[in-house]
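Read the structure below first, then the notes.
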Amino acid sequence: MPAPPCASCHAARAALRRPRSGQALCGACFCAAFEAEVLHTVLAGRLLPPGAVVAVGASGGKDSTVLAHVLRALAPRLGISLQLVAVDEGIGGYRDAALAAVRRQAARWELPLTVVAYEDLFGGWTMDAVARSTAGSGRSRSCCTFCGVLRRRALEEGARRVGATHIVTGHNADDMAETVLMNFLRGDAGRLARGGGLGSPGEGGALPRCRPLQFASQKEVVLYAHFRRLDYFSEECVYAPEAFRGHARDLLKRLEAARPSAVLDLVHSAERLALAPAARPPRPGACSRCGALASRTLCQACALLDGLNRGRPRLAIGKGRRGLDEEATPGTPGDPVRPPASKAVPTF
């Protein structure tokens, strides 16, 4: 049976049906619709003002590749300039290949690229070193906890180095729904309260962040990359199978099979969530060591690094965090974490 005509141009044959709407579109019309929806998200949310210097978190994967490609196409209309910022976490056999994809993209698109490394920023710590410290076997369920916090800090530092005024990341609707599920399952009211909206406004001197692909499903991101023939790195991180996020992802897939709107329903639920006054987290202050935004004595990055440097890597995770705050000696903003003699001083 031949494919139906495209519901938009009525000339070409349809190449796909959009996963949620069922609309039959040709590849060109689908890509145009996808770009128009991202543009609407940016404009309606007032995410990137004219004149913004935008640091795109480039991992080499499908999401950041699609985000950079779409924003590059929309940049003249939005009046923004783009800088690619990649983070080298120090994961042997994985990150080198991903960074190679980022460098190919930067050269093809003629966009400036800056790479920042955990090893340089965090006193010699790489993710492989963290894995050995936390588990001794090369893998640990806590690796993603460390990596998520440190990557956020590294991306902020990279964005500042290139003079960016805003940061964008490639989180799609499925990513955000998984995060909402994880926070519900953990009973983490603080993160649930901060999880709505399309990003953060940049409190406490941090750069504003946003997620232009937040309403785009993972399936459509993959389809867009296919029809635009984008070059991206598709292997999973070697530490990802140990992460709690995998359980939320499996649950989300089952929910979506029963209710196709489950992903966007979860995303919108986070936007509309309201906590009782007693459950709201306290207003954040400044980290006593680096001066970054923090809800406790130490920001999460300094707390995790402090635990690593003391040889107690799990000290800053879960209930152990309270003990770390009690042990911490307040310093002046900007003071770095003090690593052991064999490690260099972090530069953030």
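When a residue number appears, it is its place in the shown sequence, counting from 1.
A donor-acceptor contact shorter than 3.5 Å is absent between the side chain of Asp120 and the backbone of Ala117. Between the side chain of Arg13 and the main chain of Ala3, a donor-acceptor pair closer than 3.5 Å is present. Counting only distance, with no hydrogens or angles, the side chain of Arg289 and the backbone of Leu298 share no donor-acceptor pair below 3.5 Å. For Thr165 (side chain) and Val53 (main-chain N/O), a donor-acceptor pair under 3.5 Å exists by modelled atom type. Of the possible donor and acceptor atoms, none in the side chain of Asp306 sits under 3.5 Å from a partner among the backbone N and O of Cys302. A side-chain donor-acceptor contact under 3.5 Å links Asp128 to the backbone of Gly92. For the pair Arg245 (side chain) and Asp175 (backbone), a donor-acceptor distance under 3.5 Å is present.
Across Ala243 and Cys144, no two heavy atoms sit closer than the pair CB-SG, 3.4 Å. Considering every non-hydrogen atom in both Val56 and Ala68, the closest pair reads CG1-CB, 4.1 Å. Smallest separation of non-hydrogen atoms from Ala159 and Leu207: CB-CD1, 3.6 Å. Residues Phe34 and Val66 share a closest heavy-atom pair of CE2-CG1, 3.8 Å. Between Phe122 and Ala154, the closest heavy-atom pair is CZ-N, 4.1 Å. Considering all non-hydrogen atoms of both residues, Leu155 and Gly57 come closest at CD1-CA, 3.9 Å.
Atom NE2 of His268 sits about 9.5 Å away from atom OG of Ser261, to the nearest 0.5 Å. We find the CZ-OG1 distance between Arg151 and Thr169 to be 10.0 Å, quoted to the nearest 0.5 Å. Rounding to the nearest 0.5 Å gives a distance of 6.5 Å between OH of Tyr224 and CG of Leu230. Note that the CG atom of Leu99 and the CD atom of Glu89 stand 7.5 Å from one another [nearest 0.5 Å]. Once rounded to the nearest 0.5 Å, the distance linking SG of Cys9 with CG of Leu25 reads 8.5 Å. Taking OH of Tyr94 as the reference point, atom CE of Met127 lies at 11.5 Å (rounded to 0.5 Å).
For the residue pair Thr41/Arg211, the side-chain donor-acceptor check at 3.5 Å is not satisfied. When only modelled atom types and interatomic distance are considered, Thr297 and Ser288 share no side-chain donor-acceptor pair under 3.5 Å. In this structure, a donor-acceptor pair under 3.5 Å is present between the side chains of Gln105 and Thr65.
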Would Asp231 and Arg104 count as a salt bridge (charged side-chain N to carboxylate O under 4.0 Å, His left out) here? Give the steps. CA-CA 8 Å; Asp231 171 24; Arg104 290 195 300 270; 2.6 Å; yes
Under the side-chain contact (heavy atoms from CB on, under 4.5 Å) rule, what do Arg161 and Val116 come out as? Steps first, then yes or no, please. CA-CA 10 Å; Arg161 289 184 182 183; Val116 291; 3.7 Å; yes
Go through it in stages, so that I can follow the logic: the residues are Arg95 and Ser59, the test is side-chain contact (heavy atoms from CB on, under 4.5 Å), and I'd like the CA-CA distance, side-chain angles, deciding distance and then a yes or no. CA-CA 9 Å; Arg95 184 46 70 195; Ser59 68; 4.3 Å; yes
Please report the C-alpha distance between Arg209 and His166 in whole Å, then the side-chain angles of each, then the deciding distance to 0.1 Å, and finally whether the side-chain contact (heavy atoms from CB on, under 4.5 Å) criterion is met. CA-CA 6 Å; Arg209 290 178 178 241; His166 292 72; over 6 Å; no
When you look at Leu74 and Val42, which way does the side-chain contact (heavy atoms from CB on, under 4.5 Å) test go after all the steps? CA-CA 10 Å; Leu74 299 178; Val42 173; 5.7 Å; no
Worked verdict on Glu156 versus Arg160 for salt bridge (charged side-chain N to carboxylate O under 4.0 Å, His left out): CA-CA 6 Å; Glu156 179 90 13; Arg160 291 189 184 282; 2.9 Å; yes
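A heavy-atom distance below 4.5 Å is found between the side chains of Val115 and Leu113. A 4.5 Å side-chain heavy-atom check between Lys62 and Gln218 finds at least one atom pair inside the cut-off. At least one side-chain heavy atom of Leu67 sits under 4.5 Å from a side-chain heavy atom of Pro212. Counting only heavy atoms from C-beta outward, the side chains of Lys219 and Arg20 never approach each other to under 4.5 Å. Proximity of Asn172 to Glu220: side-chain heavy atoms (C-beta onward) are nowhere separated by under 4.5 Å. Ile91 has its side chain out of reach of Thr126: every pair of non-hydrogen atoms, C-beta onward, lies at least 4.5 Å apart. Residues Leu121 and Arg153 form no side-chain contact, since every pair of their non-hydrogen atoms from C-beta on lies 4.5 Å or further apart. Using a 4.5 Å cut-off on side-chain heavy atoms (C-beta onward), Thr114 and Leu84 make no contact.
By the rule that hydrophobic residues join a cluster once side-chain heavy atoms approach within less than 4.5 Å of another member, Tyr232 and Leu82 end up as members of separate clusters. Following chains of ILVMFWY side-chain contacts shorter than 4.5 Å, one can reach Met176 starting from Leu47, so the two form part of one hydrophobic cluster. When the side chains of ILVMFWY residues are joined at heavy-atom separations under 4.5 Å, either directly or via intervening members, Phe215 and Leu71 end up in a single hydrophobic cluster. Criterion: ILVMFWY side-chain heavy atoms under 4.5 Å apart, direct or through other members. Under it, Val263 and Val222 are not part of a common hydrophobic cluster. Both Val70 and Phe227 belong to a single network of hydrophobic side chains, linked directly or stepwise wherever heavy atoms of I, L, V, M, F, W or Y lie under 4.5 Å apart.
Checked against a 6.0 Å centroid threshold, the rings of Phe146 and Tyr118 do not count as neighbours. With ring centers used as reference points, Phe30 lies 6.0 Å or more from His226.
Under the 4.0 Å criterion applied to side-chain N and carboxylate O atoms, Arg228 and Glu35 are assigned as salt-bridge partners. The residues Arg249 and Asp174 are annotated as not salt-bridged, no charged nitrogen and carboxylate oxygen being separated by less than 4.0 angstrom.
Within 6.0 Å of CZ in Arg108 there are more than 12 heavy atoms belonging to other residues, nucleotides or ligands.
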